[in-house]
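What follows is a set of notes on a single structure, which appears directly below.
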Amino acid sequence: MKVLALSGGTGTPKLLEGFEGVIGQENISVVVNTSDNIWLNGLYIAPDIDSITYLFSRLLDVERGWGIKGDTFNSFEALKTYGAQDWFYIGDRDLATHLYRTHLLNKGYSLTSVTKYIASKLGVKASVLPMCNEHVEARVLTDHGDLHIQEYLVKHKLKPKVYGITFSGIDKAKAPQEVLKAIDESELVVIGPSNPINSIGSILMVPGIREKVVEKRRKGTPIIAVSPIIGGRPLKGPAHIFLSALGYEASSFGVAEVYADVVTAIIVDRVDEMEASRIRSKLGLTTYIEDIVMKDLEGKVKLAKRILDIAKELGGH
Ligand code: GDP
């Protein structure tokens with residue numbers, strides 16, 4: 001089965017590892033959030049793209065969830081000497097990716113082709129697709145001002161009070177042909193357990209992508225979401241904060257509300273049985289209850305297999 005996933009950089013990649021174990025990389029396409037991307041010290045940083053590329057090339061530091069395992073930080077320490085931005089860590093080997101990506105972008109190549117080139121050089125067989133080629137920035141409106149999402153997450157460590165979130169540049173973005181084609185060719189679309197507002201939300205806001213996914217659903221392809229919220233809290237990060245700031249409940253129910261007009265079904269955790277019945281009765285959405293906290297490879301593979309079974313139940317191939 002050909003699976004297409006919408007992904008951020010932390011939760012969904014775990015599930016992708018599971019899918020890889022079941023269907024192989026060749027059958028996986030990933031549309032990746034780029035609204036966390038940022039220019040720093042003259043480099044174009046694309047954290048979610050790198051996490052997915054490094055995951056499939058076995059380079060990812062899985063414990064940390066970003067960067068290359070075993071990497072050193074000598075160049076980063078040296079940069080500090082010059083008073084450069086010192087809050088966003090880039091390892092020495094990781095720096096090569098950043099230097100070469102920036103070089104290719106400056107030569108005029110699109111983010112889609114640069115990402116494809118880097119992935120192929122690293123031996124990745126999955127298709128890693130940025131959500132768009134235009135620069136889009138998630139901006140978090142806080143009591144410390146209007147911050148780039150990386151400033152909010154990394155520099156300020158989620159401390160400021162959040163009033164809202166906007167996506168600057170999103171209206172000028174366009175779904176790349178490669179993304180539309182991959183959605184067209186998929187037999188199952190998985191909305192992975194990533195932040196529903198900034199990671200998945202921004203992907204679905206790129207003009208052309210939501211419409212394409214909804215069209216797939218209408219034609220009978222299962223669109224299955226996995227909740228990133230377990231018992232009212234994310235495992236990591238600000239999903240609950242962003243949901244509340246935009247007027248949603250910080251719960252699996254809130255996640256289901258965000259996805260209701262796009263998905264065929266949503267999977268929630270066993271601890272959220274009550275949420276599941278609310279989702280069914282109030283939103284009329286097909287809901288499955290599973291173990292969705294992926295603690296190890298076995299858990300990742302088990303969930304991926306279950307999703308493939310659900311897709312078959314729902315009418316996939
Ligand atoms: P970011 O790009 O680093 O912001 O990360 P993502 O948007 O990809 O993912 C963050 C979300 O992943 C958080 O809301 C977590 O609750 C969720 N998450 C992380 N690990 C798991 C897991 O094992 N299971 C589920 N269901 N969600 C997870």
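These numbers come from a predicted model, not from an experiment. In listed order, ligands and their atoms are each counted from 1.
Taking all heavy atoms of Ala239, Ser199, Gly8, Pro228 into account, the minimum distance to atom 4 (O) of ligand 1 is reached by Ser199. Comparing Val268, Leu235, Ile149 against atom 22 (C) of ligand 1, the shortest heavy-atom distance belongs to Leu235.
With respect to the salt-bridge test (charged N to carboxylate O, under 4.0 angstrom), the residues Lys172 and Glu134 do not qualify. With respect to the salt-bridge test (charged N to carboxylate O, under 4.0 angstrom), the residues Lys302 and Glu298 do not qualify. Taking a cutoff of 4.0 Å between a charged side-chain nitrogen and a carboxylate oxygen, Asp146 and Arg139 qualify as a salt bridge. Glu20 has no carboxylate O lying under 4.0 Å from a charged side-chain N of Lys125, or vice versa, which leaves the two without a salt bridge.
In this structure, Gly237 falls outside the shell of residues with a heavy atom less than 4.0 angstrom from ligand 1.
Protein heavy atom nearest atom 8 (O) of ligand 1, with residue, atom name and distance: Ser194 OG, 2.6 Å. For atom 13 (C) of ligand 1, the nearest protein heavy atom (residue, atom name, distance) is Lys236 O, 3.1 Å. In this structure, the protein non-hydrogen atom closest to atom 23 (O) of ligand 1 is Met294 N, 2.8 Å. Taking atom 18 (N) of ligand 1 as the reference point, the nearest protein heavy-atom neighbour is Gly11 CA, 3.7 Å.
Residue Leu243 holds its CG atom at 5.5 Å from CD1 of Ile229, rounded to the nearest 0.5 Å.
Counting heavy atoms closer than 4.0 Å to ligand 1, residue Ser227 contributes backbone atoms (N, CA, C, O) but none from C-beta onward.
Polar contact check, Pro193 against ligand 1: a nitrogen or oxygen pair lies under 3.5 Å apart.
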